[in-house]
Amino acid sequence: MPWKGEKDPYKIWLSEIILQQTRVEQGLAYYEKFIKAFPTIQQLAKAPEKKIFKLWEGLGYYTRCRNLMATAQIVVNDYKGKFPATYEEIKKLKGIGPYTAAAISSFAFNEAQAVVDGNVQRVIARYFGISTPIDTTAGKKMYQELATALLDTEQPGVYNQAIMDFGAVICKPQNPLCGECPQQADCEAFKHNLVKQLPVKEKTLAKKDRWFYYFIIQFQDKIYIHQRTGKDIWQDLHEFALYEAETPVQTLFQDLPFLKELFGKQSYSVTHISKVFHQQLTHQHIHGQFITVTTLKPVTALKGYDLVDKKQLKKVAFPRIIKSFLEEKASLAQLF
DNA sequence: AACGCGGGGTG
DNA sequence: CACCCAGCGTT
C-alpha cells in the first residue's frame with residue numbers, strides 16, 4: 001500500500017480520510033486518483049469543488065469529501081500550507097476525530113498516540129476476553145485506555161501500523177486465523193472459545209425501504225439537475241427532479257400530482273419509463289425509477305435547479321443508482 | 001447517548 | 001441475508 005511508511009502528513013491524511021469505514025481495496029484506487037490530480041495540499045485547496053466531488057463519486061460518506069475540502073483550505077490559509085504537527089491541533093481539523101488524529105500524529109510525527117479503529121477494538125476485545133460492547137461510551141473509553149496502555153511509546157507509528165495489520169490479516173472479523181496466531185496461548189477469547197462472539201456490538205439498526213422517482217425533465221438538449229443539500233443521504237451529490245414516496249407509486253406517472261404541480265398549465269409528455277433500479281445502503285434500500293419527461297418551455301417552478309446540457313452530465317457527481325441508470329444501455333439509447 | 005451516513009466484500 | 005470496514009459529526 002502506497003501510504004505505508006509514508007511521512008508526508010498530507011498523503012497520510014488523505015489516505016486516512018479515504019479509509020474511514022472503507023476497505024483498503026476499495027479506497028486504494030481513489031487514493032491514487034487524488035494524489036495524481038492533487039500532489040500537494042495547495043493544489044487540492046485551489047481545485048474546484050465540482051472536480052473534487054467527481055473524484056470522490058462512488059466512495060460514499062460524502063461529508064468526508066466536504067470536510068476534506070474545508071481542511072485543505074484551513075491548512076493552506078491558517079497554517080501556511082504546513083500540516084499541524086500535534087495530535088491536539090490535528091484533531092481540531094474538519095473530519096478528523098480521535099482515530100485519524102492519532103494515525104496522522106503517530107505516522108507523520110512519531111507522537112505517542114494510540115489508534116483505536118475497528119481492528120484494534122477487535123484485537124483487544126478478544127485478547128483480553130472483554131465483552132463490553134464496542135459501540136457504547138463506556139466501551140470506547142475502555143478500549144482507548146487499553147490501547148494507550150499497550151502502545152509502544154518508543155515507536156508509536158510502527159506499533160499502530162502493526163496492531164491494525166494484525167487485526168486485518170490474522171485477527172479478522174470472520175474466520176480469524178487462530179491456528180497460526182502467535183498470540184494464541186495468551187488469548188482469553190481463544191482459551192474460552194469466545195473468539196466468534198467477540199467483540200460485542202450493542203445495537204443493530206433496522207433497514208428501511210424508500211421509493212425514489214426521478215423525473216428527467218428535458219428541454220431542448222438540456223436536463224434539470226440540482227445538488228442535494230440537507231441531512232439526508234448523498235449530501236452534495238447531484239440528482240434529477242425527485243419525487244419520493246413512502247410506498248410504490250400505483251398511478252400513471254403522467255397523472256402524478258407531483259408532475260401536475262410542477263408544470264401547472266404547461267404541457268409535457270412522458271417519453272420513457274425505466275425499469276426499477278435498486279441501491280442497497282447500510283440501513284436503507286432505495287428503489288429508483290427514472291421517468292423521462294419532455295417539455296417545450298422552461299419549467300419555472302423548478303427553483304434551485306440548473307438546466308444542464310446532456311453532454312455535461314459526465315462531469316457531475318451522482319449517486320450510484322443514478323450513475324447505473326445513466327450507464328445502462330436502454331437509458332443511453334433513449335437519452336442520447 | 002443515539003443516530004445517520006455509502007458502497008462493497010465476505011460467508 | 002447479516003455483518004463489517006484504518007470513523008465522524010450532529011442532535
Side-chain angles (χ1 to χ4, degrees), chain A residues 1-4 6 11-31 53 56-68 70-71 90-104 106-107 113-123 133-141 143-144 147 157 159-169 171-176 196-208 210 228 230-237 278-286 317-324:
Chain A
M1 288 166 279
W3 48 81
K4 285 250 167 112
E6 180 60 59
K11 291 183 179 170
I12 295 169
W13 164 65
L14 179 62
S15 71
E16 293 299 342
I17 300 300
I18 287 174
L19 292 177
Q20 285 169 3
Q21 291 292 283
T22 303
R23 290 169 188 281
V24 168
E25 311 85 70
Q26 188 189 358
L28 181 56
Y30 285 85
Y31 174 78
F53 274 122
W56 196 274
E57 182 186 44
L59 193 54
Y61 283 168
Y62 297 93
T63 54
R64 286 186 294 174
C65 186
R66 181 158 291 294
N67 287 334
L68 186 82
T71 288
I90 293 168
K91 195 176 167 304
K92 290 178 188 166
L93 299 168
K94 306 263 188 200
I96 296 182
Y99 164 77
T100 307
I104 299 172
S106 68
F107 295 155
Q113 295 286 347
V115 293
V116 181
D117 69 341
N119 291 309
V120 174
Q121 289 174 329
R122 184 172 59 254
V123 169
I134 58 175
D135 56 347
T136 59
T137 305
K140 282 173 193 151
K141 187 163 177 276
Y143 294 100
Q144 181 70 58
Y159 172 86
N160 280 335
Q161 194 74 253
I163 190 168
M164 288 194 287
D165 285 348
F166 177 72
V169 175
C171 200
K172 299 184 293 176
Q174 293 161 340
N175 303 334
K196 254 177 90 174
Q197 312 173 41
L198 294 177
V200 172
K201 237 184 182 173
E202 199 162 65
K203 9 190 183 285
T204 57
L205 281 153
K207 188 166 274 188
K208 74 173 179 184
R210 299 173 75 175
R228 286 179 69 88
K231 290 163 189 139
D232 204 353
I233 56 173
W234 301 330
Q235 172 100 80
D236 295 315
L237 296 193
H278 297 275
Q279 184 170 353
Q280 208 61 50
L281 278 63
T282 304
H283 297 301
Q284 300 184 28
H285 178 181
I286 310 295
F318 290 109
R320 203 179 64 80
I321 195 167
I322 294 181
K323 207 170 157 63
S324 305

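Every chain is numbered from 1 and lettered A, B, ... according to where its sequence line falls, protein lines coming before strand lines.
To the nearest 0.5 Å, atoms CG (A:Leu59) and CD (A:Gln21) are separated by 12.0 Å. With values rounded to the nearest 0.5 angstrom, A:Ile96 atom CD1 is found 4.0 Å from A:Ile104 atom CD1.
Straight-line distance between the C1' atoms of B:dC5 and C:dC4: roughly 15 Å, to the nearest whole Å. Rounded to whole Å, the C1' atom of B:dG9 lies 23 Å from the corresponding atom of C:dC8. When the C1' atom is compared between B:dC3 and C:dA6, the two are found 22 Å apart, to the nearest whole Å. B:dG8 and C:dG9 have their P atoms separated by 24 Å, with the value rounded to a whole Å.
Evaluation of the ring pair (Phe, Tyr, Trp, His ring centres under 6.0 Å) rule for A:Tyr31 yields A:Trp3 as partners, not counting sequence neighbours. Among residues two or more places apart in sequence or in another chain, the side-chain hydrogen bond (donor to acceptor under 3.5 Å, both in side chains) test is passed with A:His283 by none. Applying the salt bridge (charged side-chain N to carboxylate O under 4.0 Å, His left out) test to A:Lys201 and every residue at least two apart in sequence or in another chain returns nothing. Listed by chain and number, the residues in a side chain to side chain contact (heavy atoms under 4.5 Å, CB included) with A:Lys208 are A:Arg210, A:Gln284 (sequence neighbours excluded). Judged as a salt bridge (charged side-chain N to carboxylate O under 4.0 Å, His left out), and not counting sequence neighbours, A:Lys196 has no contacts.
Atoms CD1 (A:Ile233) and P (B:dC3) sit 19 Å apart, rounded to a whole Å. At whole-Å resolution of the value, CZ in A:Phe53 and P in B:dG6 are 11 Å apart. Counting to the nearest Å, the P atom of B:dC5 and the CD1 atom of A:Ile321 are 15 Å from each other. The nearest whole Å value for the distance from the CG atom in A:Leu281 to the P atom in B:dG4 is 13 Å. Atom CZ in A:Arg210 sits roughly 11 Å away from atom P in B:dG6 (whole-Å rounding). Atom pair A:Asn175:CG and B:dT10:C1' shows a separation of 9 Å (rounding to whole Å applied). Atom-to-atom, NE2 of A:His283 to C1' of B:dA2 comes out at 12 Å; the value is rounded to the nearest Å. Look at CH2 on A:Trp234: it is 16 Å from P on B:dG4, rounded to the nearest Å.
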| request: Classify every nucleotide of nucleotides 4-11 of chain C by which part a protein heavy atom approaches to under 4.0 Å, writing B for the base, S for the sugar-phosphate alone and - for neither, in 5'-to-3' order. | output: BBBBSS-S

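Among the heavy atoms of the strands lying under 4.0 Å from A:Asp232 are primed sugar atoms or P, OP1, OP2 only; no base atom is included.
Between A:Gln280 and A:Lys203, it is A:Lys203 whose nearest contact on DNA chain B lies nearer the 5' terminus.
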